[in-house]
Amino acid sequence: MSNHEKSTGNKETPERSDFIREIIKRDVADGKNGGKVATRWPPEPNAYIHIGHAKAININFGIAEEFSGKCNLRFDDTNPTREEQEFVDAIKQDIRWLGFDWEEREYYASDYFDRLYEWAVELIKKGKAYVCDLSAEEVSKTRGTLTTPGTHSPYRNRPVDENLDLLERMRAGEFPDGSRTLRAKIDMVHPNMNMRDPVMYRILRATHHRTGDKWCIYPTYDWAHGQSDSIEGITHSLCSIEFENHRPLYNWFLDELGVHHPRQIEFARLNITYTVLSKRRLVELVNGGHVEGYDDPRLPTLAGLRRRGYTPEVIREFLALIGVDKTDSTVDVQLLEHCLRRNLNLRSPRRMGVLRPVRLVIDNYPEGRVEEMEAVNNPEDASAGTRAVPFSKVLYIERDDFREVPPPKYWRLAPGREVRLRYAYFVTCTGVVKDDAGNVVEVHCTYDPATKGGDAPDGRKVKATLHWVSAEHALQAEVRLYDHLFIKKDPTDYPEGADWTANLNPKSLEVITNARVEESLADAAVGSRWQFERLGYFCVDPDSRPGALVFNRTVTLRDTWAKIQKAQKAGK
RNA sequence: UACCCGGUGGUGUAAUCGGUAACACAAGAGGUUUUGGUCCUCUCGUUGGAGGUUCGAGUCCUCCCCGGGUAGCCA
């Protein structure tokens, strides 16, 4: 009975839950960590972040917030050969844009280099770490394989004092790069490769973006990560699934040190159809010149999505919908696009814009006359009001909205057909003018003055409503039409011997330079988002200049007619 | 032929101590409509397989099959 009451009580506010939140709920209930929750998001500052990272950010910051805890931002900067300040700045900007705040808790693994060193000394004294003189190649060879055990390093049983001395000299710069390492003394026959005496320090002369040339030895990820978590008092260290095999090592270090011991929990990374979410591949796309930069609107980087016209809300809604689990999965990009349309539909003012213009001449409309038509700014938002759109004898309509020979189910303009010009008049097509090549250069029609505003007093109906723009008033604009970057659902599925970039969509970008838009868009600000009626959502690109507008198509409207056409083609 | 982790409709997730498969997207069909948009309605799975325990199993047990990860001095 009480069970029923409980479940009905929760109906209205469905509690978000997943296996991680369940674990944390239990930990809190058990009074672990004094009932507190602290998380962190630990990016390596060596690349721009993408929507897959946003998933991790959302989990870490989101969970901290839900459990009244804090989430730190910590840059995992233990490899100076790859990390740069530029990425630190870009990552911070992207996290803020997503709407998360780490307040003053901006940390760096490099902040802990001294403490890490002290701990290394401690492990040596415990006989749990040793300096190894094997080369990288030799270490690799003696590690064994997935199915065969490793063998002990000849330096494994060096006396403590010698280890201490050598480590100190490693730090002092007495040895060349790569000549020695500090290794944890664990188990060379362990079935988990990570436990076969993993490297803790390597000698590496590289200028670090924060510590400069202070160090010539740098901790590895495994040696730095858990201890950094511990120092910060993290309670739940949430990371992606590829670190699962590292958890025993994470636990081993913390246990040997006897310090605060966060719990590591792993979740599956995000995959989305028709795109790639791996740093390596993103870098290849940019460096290979396949896209124009990390903020190319075709890329799933946060910078790219932002430029494409996504809002942070879209991404967060999407992430909330896909949930969190451990199973490998690939989310249909259409779910992302659904979130996008839903959000943009509510907030985007409507305008009329013609991508591929063709002249429409209204023969019985007075020469030189201009009428101001009242157009609704946003049917989803009454407070958005209306605006006046100039109407005249010569207009532009969409080339695709006229067919000399209309196919089945096509109910737009064609000879003899009557359609509505949105917010204006009913017009009936009377003929066309063609050039020598037979291309339609002008469509002629007559209008019915009684239908002003778009309603017929006699109640007659039309099947189609077209968008339009007055030829003498409209602004010319550039419009960039984007499509999926890849032609395959799984871009990494490519024939043997071929290059994965063979799956790139050659039509992922089409630039239209001769589009016409309403004059009310003249002062549209960079980044502003609009719906061009019947076409899709567009935003003003940073390349845009006064008098030389540039729009990015964020996403098309759902297009039933396109589906019909596709089905018709497939059927024939 | 090692170890770890997974396997619910086309996709992504739900399903409290085992109690009779839910939500969203997609797809298809229909309705409304001054955007072939939005909105509304309907259709589409018996939970990888085989056994077992039980009044009852997606949830427990056994075996099998399939998928992913792991052999950087990357993270």
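The sequence lines fix the lettering, A, B, ..., with proteins before strands; numbering per chain opens at 1.
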Problem set entry | Closest heavy-atom pair and its distance - A/Leu204, A/Pro80 | CD2-CD, 4.2 Å
Exercise. Which base sits across from B/rG56 as a Watson-Crick or G-U pair, both distances under 3.5 Å?
Worked result: none
Exercise. Counting just side-chain N and O atoms, does A/Arg341 come under 4.0 Å of either OP1 or OP2 of B/rU38?
Worked result: no
Seminar exercise, completed: What residues 75-87 of chain A contributes to the RNA chain B interface at heavy-atom separation below 4.0 Å is A/Asp76, A/Thr78, A/Asn79, A/Arg82
Problem set entry | Phosphate OP1/OP2 of B/rC39: any A/Arg558 side-chain N/O under 4.0 Å | no
Problem set entry | Presence of A/Arg269 side-chain N/O under 4.0 Å of B/rG68 phosphate oxygens OP1/OP2 | no
Exercise. Is a side-chain donor-acceptor pair under 3.5 Å present for A/Arg529 with A/Thr554?
Worked result: no
For this session: Looking only at side-chain atoms of A/Thr145, point me to the closest of B/rA71, B/rU13, B/rU35.
Result: B/rA71
Exercise. For the side chain of A/His484 and the backbone of A/Phe486, is there at least one donor-acceptor N/O pair under 3.5 Å apart?
Worked result: no
For this session: Determine if the base of B/rG19 is syn or anti; take syn to mean the glycosidic torsion is within 90° of 0.
Result: anti
Exercise. Can a side chain N or O of A/Thr560 be found less than 4.0 Å away from OP1 or OP2 on B/rG37?
Worked result: yes
Exercise. Is any side-chain N or O of A/Thr148 closer than 4.0 Å to OP1 or OP2 of B/rA2?
Worked result: no
